[in-house]
Amino acid sequence: MQGNRILSKEFFEMSADNLAISLLGKTLVRNIDGQITRYLIAETECYMGVLDTGCQAHRGKTPKTSVLWERGGTLYVHLIYGLYYMLNIIAGKEGDPMGVLIRGVKGIKGPGRLTRALEIGKDFNRENLLLSERIWIEDTGLIPLYKKTPRIGIDYADDIDRNQLWRFVAYDYL
DNA sequence: GTAACGATCCTC
DNA sequence: AGGATCGTTACA
């Protein structure tokens, strides 16, 4: 299984909570001018659509957030605090605005530091993981052991959504 | 126009 | 605890 590119669109069509867990232990692959580097995904968060007050889709479709309604496997890259890019993978079928934030990989903690290290900017917005030549996901066969916690940095969400255990942190792999 | 606000990170 | 830094959004 090592190194197999996940090409099935069905993988990315699962709901964002299941996708966030399924991405733990998978490999994020980045191709920079032929230099291919692989990163083991270690930390994710899910954003569950219009009913999730922590999800940008909750405030309605805008030019910026319309990409959330794209099909699973599409990338959503957005700038936060004018400084850092957040890397998200859209989950579910077209029209279902759920996403998974990649918060960290092995050796790189923090979503802002991750995109900076992998040279992922706004030009990756709307990229399709199933078609891209510069970024994709590979299977590993690894089974992650992980803990669940509330999501980070969403104080604006209501109590219920702020306390949902929608952040997933891998601490080992079998 | 204008102002407020971030799915962060680093330094003090 | 506070500052950096800027695109998006809502509202006048």
Side-chain angles (χ1 to χ4, degrees), chain A residues 12-26 28 30 37 39-129 132 135-137 144 146-171:
Chain A
F12 297 103
E13 284 180 346
M14 69 176 102
S15 63
D17 49 352
N18 287 322
L19 182 62
I21 293 168
S22 298
L23 282 170
L24 295 175
K26 299 294 189 296
L28 177 63
R30 177 76 171 96
T37 313
Y39 302 89
L40 193 63
I41 297 175
E43 181 179 342
T44 58
E45 279 178 0
C46 63
Y47 290 83
M48 297 298 287
V50 292
L51 297 180
D52 173 10
T53 58
C55 181
Q56 294 178 5
H58 176 254
R59 302 173 205 196
K61 189 184 285 190
T62 68
K64 174 182 177 177
T65 63
S66 63
V67 61
L68 290 168
W69 277 260
E70 291 292 330
R71 75 189 62 205
T74 305
L75 294 187
Y76 171 43
V77 179
H78 87 273
L79 182 67
I80 191 64
Y81 301 117
L83 291 167
Y84 303 100
Y85 289 102
M86 300 289 100
L87 173 62
N88 295 262
I89 300 173
I90 302 304
K93 297 191 175 183
E94 185 174 356
D96 203 351
M98 303 184 294
V100 175
L101 170 66
I102 308 300
R103 286 196 62 88
V105 297
K106 185 177 182 182
I108 305 175
K109 294 179 178 178
R113 298 180 64 192
L114 170 67
T115 53
R116 189 161 284 187
L118 302 207
E119 299 181 35
I120 293 170
K122 62 182 178 184
D123 56 313
F124 279 73
N125 196 33
R126 295 182 178 276
E127 188 101 341
N128 188 329
L129 276 181
S132 178
I135 186 170
W136 63 91
I137 305 281
Y146 62 92
K147 62 180 179 181
K148 304 179 184 183
T149 84
R151 292 172 291 181
I152 306 295
I154 54 161
D155 292 345
Y156 51 82
D158 69 23
D159 285 348
I160 292 178
D161 291 327
R162 206 171 45 243
N163 291 316
Q164 293 275 15
L165 301 181
W166 282 344
R167 171 175 174 246
F168 309 95
V169 185
Y171 57 85

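Please read these numbers as outputs of a predicted model, since none were measured by experiment.
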Within this structure, what is the [atom1]-to-[atom2] distance between [X] and [N], rounded to whole angstrom?
X: A:Asp161; N: B:dA7; atom1: CG; atom2: C1'; answer: 14 Å
X: A:Ile154; N: B:dG6; atom1: CD1; atom2: C1'; answer: 13 Å
X: A:Arg151; N: B:dG6; atom1: CZ; atom2: P; answer: 14 Å
X: A:Met86; N: C:dT8; atom1: CE; atom2: C1'; answer: 16 Å
X: A:Met48; N: B:dA7; atom1: CE; atom2: P; answer: 18 Å
X: A:Lys109; N: B:dC10; atom1: NZ; atom2: P; answer: 13 Å
X: A:Tyr85; N: C:dT8; atom1: OH; atom2: C1'; answer: 13 Å
X: A:Glu43; N: B:dC9; atom1: CD; atom2: C1'; answer: 14 Å

Exercise for review: Please determine if a side-chain N or O atom of A:Arg113 lies less than 4.0 Å away from the OP1 or OP2 oxygen of B:dC10.
Suggested key: yes
Review point. With sequence neighbours left out, what residues match A:Tyr76 under ring-ring contact (aromatic ring centres under 6.0 Å, His included)?
Key: A:His78
Revision key, fill the gap. Base-paired stretches in DNA chain B with three or more consecutive Watson-Crick or G-U pairs, both distances under 3.5 Å, amount to B:1-6 with C:6-11, B:8-11 with C:1-4
Holding to salt bridge (Lys or Arg N to Asp or Glu O under 4.0 Å), I want the full list of residues that pass it with [X], two or more places apart in sequence or in another chain.
X: A:Arg103; result: A:Glu43, A:Glu45
X: A:Asp159; result: A:Arg162
X: A:Arg59; result: none
X: A:Arg126; result: A:Glu70

Check your understanding: Are the ring of A:Tyr156 and the six-membered base ring of B:dG6 within the stacking cut-offs of under 5.5 Å and under 30°?
Key -> no
Practice item. Any ring pair (Phe, Tyr, Trp, His ring centres under 6.0 Å) involving residues 47-74 of chain A? Give me the pairs, sequence neighbours left out, ordered by first then second residue. Key: none
Side-chain donor-acceptor pairs under 3.5 Å in residues 106-113 of chain A, sequence neighbours left out?
none

Check your understanding: Is any side-chain heavy atom of A:Leu75 closer than 4.5 Å to a side-chain heavy atom of A:Ile120?
Key -> no
Every protein N/O lying under 3.5 Å from an N/O of nucleotides 3-7 of chain C:
unit_1	atom_1	unit_2	atom_2	d
C:dT5	O2	A:Tyr81	O	2.2

Point to revise | Of all pairs that satisfy side-chain hydrogen bond (donor to acceptor under 3.5 Å, both in side chains), the ones with a partner from residues 90-100 of chain A, not counting sequence neighbours | key: none
Review point. Can any side-chain N or O of A:Ser132 pair as donor or acceptor with the backbone N or O of A:Leu129 at less than 3.5 Å?
Key: no
Show me the protein contacts with nucleotides 3-5 of chain B, counting only N or O atoms at under 3.5 Å.
none

Check your understanding: Do any pairs count as a salt bridge (Lys or Arg N to Asp or Glu O under 4.0 Å) and have a residue in residues 148-157 of chain A, sequence neighbours left out, and if so which ones?
Key -> A:Asp52-A:Arg151
